[in-house]
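Report on one structure; see the data block that follows.
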Amino acid sequence: MSTTETNAGETPDMPVDPNAVSITINGRTVAARKGELIINAADREGEFIPRFCYHPRMSPVGMCRQCMVEVEGPRGPMMVVSCMTPVADGQVVRTETEQVKRAQEGMIELLLANHPLDCPVCDKGGECPLQDFSYQFGPANSRMDFPRRVFDGEGVKADVDFGPTLMLNRNRCILCTRCVRFMKEVDGDAQIGVIDRGCGSEIATFSEEGVRTVLSGNLMDVCPVGAITTRDYRFKSRPWDNPNVVDTICTGCSKGCSVSAWLKAKPEWAKGSHLIRMTPRYNPDVNGYWMCDIGRFGYHWVEGDTRLRRPMLRSGASLEPAAWHDVEPKVRDGLRAAGSAVAFLASAHASTEDFFVLGQLAEGLLGADARGAVTVTWTSSVKEQPQRAKFQVPVTDAPNVNGARDLGYDVGAGNQGAPNLSALRDAVGAGRVKALYVVSPGPDGSLGDVAWILAAKRSGTLPLLIVQSTVMTELAAAADIVLPGTSYVEKDGLFTNDQGHVQATSPSVPPPGEARDDWQILANVASSLGIALSFATVADIRKALTSAGWKEKVTTDDGMIGLIDFEKGEQTISLKYVDPGFIPAEVTINGSGVELEKVGK
């Protein structure tokens, strides 16, 4: 009988995975993969092993020895480093024995021997693994009674420049070498190294030049202590001052990194909450554990002095604040007077909902061929990075070029090219455009070169300029009507990144003053023109998107790819990932499971 034949009543043998092994962790038998590290297998099974030097996206080095566990060997139990030891079939691992506890206590005691008592003034205080592990796994008392090692000074005097965005405190460093490995393996430029020997070993850069990279902020994230901190967050807040953290995405480029927006606020603060920092949020399909400095440090414009808070109307040579009920009739009359000589210029910082409502407005105003009257624009910039960098920052400085393409707008080569403004530019210069409506939800400069619009306005070639913007730019200052919109941290909107992943921003802070959601402004303008758009919420727009045949791909944590249908279940999509042991949570729609049409693996 062949190996594939079976007798009647017998169950055919199931194929055996040659890479599967069985191990025992703390008395529980679990499945693992051949070659997998013990620390990874334990994490997946909910058995946490403390660690300082290990990171899942960098090579293991076993520097801190904090992750030691007990493994049964041919000569009895032996202590091994779990971040360097692979699993083996039949292996017995123990993480909670007295020997393991003594080893953990001993390593914590050694790490704290020269560590300064800076917790009250350290920016890592409250979210420091060394602080947490010293309570959970460390000894109650220290036997070390001698002067601590000092490198650059005591207290905050020990903080030295570590590049344009970072500060370094060598006294706090535990030589885990995470920063060294990040620069070498992820950034691709090994700017950091360990110099000297023994207790004099220290982290340094060549000639103390500091770190210069667009990924520098990640060094603060990977540092398990307060040795590397950012200038931007320095002494500004503590975790207990940031009670609210909102999961959203960054819209600084076409990658669309998953991020967390931290809000500094307390109930007794009359001024309310405000953005205090941005940090990366684990998303294996988009950004992994990382984000660039542009998204991390470039959020201050959202609450800056140039934010538009009220609508404005031109009165002679100046713009004066006005009420919405006074501005909307002016917009209506101006667009009607221009007739078919109306053009729209929209930034690719607009959400998919904004683009959809803009298209409905243009069609109601200009007819079925109105898509040609809408020009989508964005900017591009080359970020200096080594070619071997594992995390590359795209050149496109806008989040939703693909979202505009999906709705039928002409974006040319898209994220691989530049916007085509020649037709609109020629029409404006020739005086064929009587009213130009600009939609710009991004920061100043996100529209690119607008000198040609300003020149047409100053010469009188462009009679009416309406600017819907978040900030007072040079273009907004030259407009006849200014409408205040919302930024990416103030809206619930969909964006399709350069890889085709659809993601959503989440409202983190309220819009300033009388600013309104961009789609709401466009819907109100359409309503004033007699164009019937029954959009009261974002959910209404997403229903209309589905009716128009718009669907997007999404990947769940189990690897299944499907199509979101917004007519199923709740209407607001929220793509969220958490990192309890580096395992992504499921994709949800308002807490209910996503209904997916399976299209493959």
Side-chain angles (χ1 to χ4, degrees), residues 306 308 311-320 322 327-350 354-355 358-359 361-363 365-367 369-380 397-398 404 409-412 417-485 518 521-522 525 529:
T306 59
L308 293 170
M312 306 184 81
L313 288 174
R314 179 158 299 282
S315 177
S318 62
L319 287 167
E320 300 295 335
V327 170
E328 287 172 352
K330 296 287 186 181
V331 176
R332 176 198 63 203
D333 296 343
L335 294 178
R336 279 180 175 170
S340 60
V342 176
F344 297 87
L345 178 64
S347 165
H349 279 263
D354 298 336
F355 276 123
L358 176 60
L361 168 61
E363 288 180 10
L365 190 64
L366 302 174
D369 298 329
R371 282 290 194 272
V374 180
T375 302
V376 180
T377 186
W378 63 90
T379 60
S380 299
D397 300 324
Y409 294 102
D410 181 12
V411 296
N420 183 7
L421 305 178
S422 57
L424 177 61
R425 189 167 184 165
D426 292 344
V428 170
R432 297 195 299 272
V433 175
K434 303 304 179 184
L436 179 62
Y437 194 124
V438 180
V439 180
S440 178
D444 190 4
S446 58
L447 287 172
D449 179 25
V450 294
W452 53 280
I453 303 177
L454 295 172
K457 183 60 182 171
R458 294 190 189 106
S459 65
T461 306
L462 179 61
L464 177 63
L465 176 60
I466 303 170
V467 175
Q468 181 176 318
S469 178
T470 53
V471 291
M472 177 55 75
T473 62
E474 187 179 9
L475 187 65
D480 300 289
I481 303 173
V482 178
L483 307 174
D518 291 285
I521 298 173
L522 296 168
V525 170
L529 289 166

Run the numbers on Phe355 and Leu522 for side chain to side chain contact (heavy atoms under 4.5 Å, CB included), then give the verdict. CA-CA 10 Å; Phe355 276 123; Leu522 296 168; over 6 Å; no
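- For the atom pair CD of Glu474 and CG of Leu454, the computed distance is 5.0 Å after rounding to the nearest 0.5 Å.
- For Asp449, the side chain to side chain contact (heavy atoms under 4.5 Å, CB included) partners are Arg425, Ala451, Trp452, not counting sequence neighbours.
- Heavy atoms only, all atoms of each residue included: Trp378 and Ala348 are closest at CB-CB, 4.1 Å.
- Nearest heavy-atom pair across Gly339 and Leu366 is O-CD2, 3.8 Å.
- Two residues are said to be in side-chain contact when any heavy atoms from C-beta on lie closer than 4.5 Å; Arg314 and Ile481 fail this criterion.
- Rounding to the nearest 0.5 angstrom, the gap separating the OG1 atom in Thr377 from the CG atom in Leu424 is 9.5 Å.
- Checked against salt bridge (Lys or Arg N to Asp or Glu O under 4.0 Å), Lys457 has the following partners two or more places apart in sequence or in another chain: Asp480.
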Anything under 3.5 Å between a donor and an acceptor, one on a side chain of residues 427-447, the other on a protein residue two or more places apart or in another chain? List them.
from: Lys434; atom 1: NZ; to: Gly431; atom 2: O; distance (Å): 3.1
from: Tyr437; atom 1: OH; to: Gln468; atom 2: OE1; distance (Å): 2.6
from: Ser446; atom 1: OG; to: Pro443; atom 2: O; distance (Å): 2.8

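- For the pair Met472 and Leu319, the minimum side-chain heavy-atom distance is below 4.5 Å.
- The main-chain N or O of Ala476 is found under 3.5 Å from a side-chain atom of Thr473 such that the two form a donor-acceptor pair.
- With salt bridges taken as basic N to acidic carboxylate O contacts below 4.0 Å, one links Arg371 and Glu363.
- Residue Leu358 comes nearest to Ala346 through the heavy atom pair CD2-CB, 3.7 Å, listed as atom of the first residue, atom of the second, then distance.
- Counting only heavy atoms from C-beta outward, the side chains of Ile466 and Leu335 approach each other to under 4.5 Å.
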Under the criterion side chain to side chain contact (heavy atoms under 4.5 Å, CB included), I'd like the reasoning laid out for Thr375 against Asp410: C-alpha separation, chi angles, the key distance, then a yes or no. CA-CA 7 Å; Thr375 302; Asp410 181 12; over 6 Å; no
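- Scanning all heavy atoms of the two residues, the minimum distance from Val374 to Ala362 falls at CG2-CB, 4.0 Å.
- Under the 4.5 Å side-chain criterion, counting only non-hydrogen atoms from C-beta, Phe344 is in contact with Leu361.
- Val471 has its side chain out of reach of Leu308: every pair of non-hydrogen atoms, C-beta onward, lies at least 4.5 Å apart.
- Residue Leu483 holds its CG atom at 11.5 Å from CE of Met312, rounded to the nearest 0.5 Å.
- Distance check, rounded to the nearest 0.5 Å: CG of Leu464 to NZ of Lys330 gives 11.0 Å.
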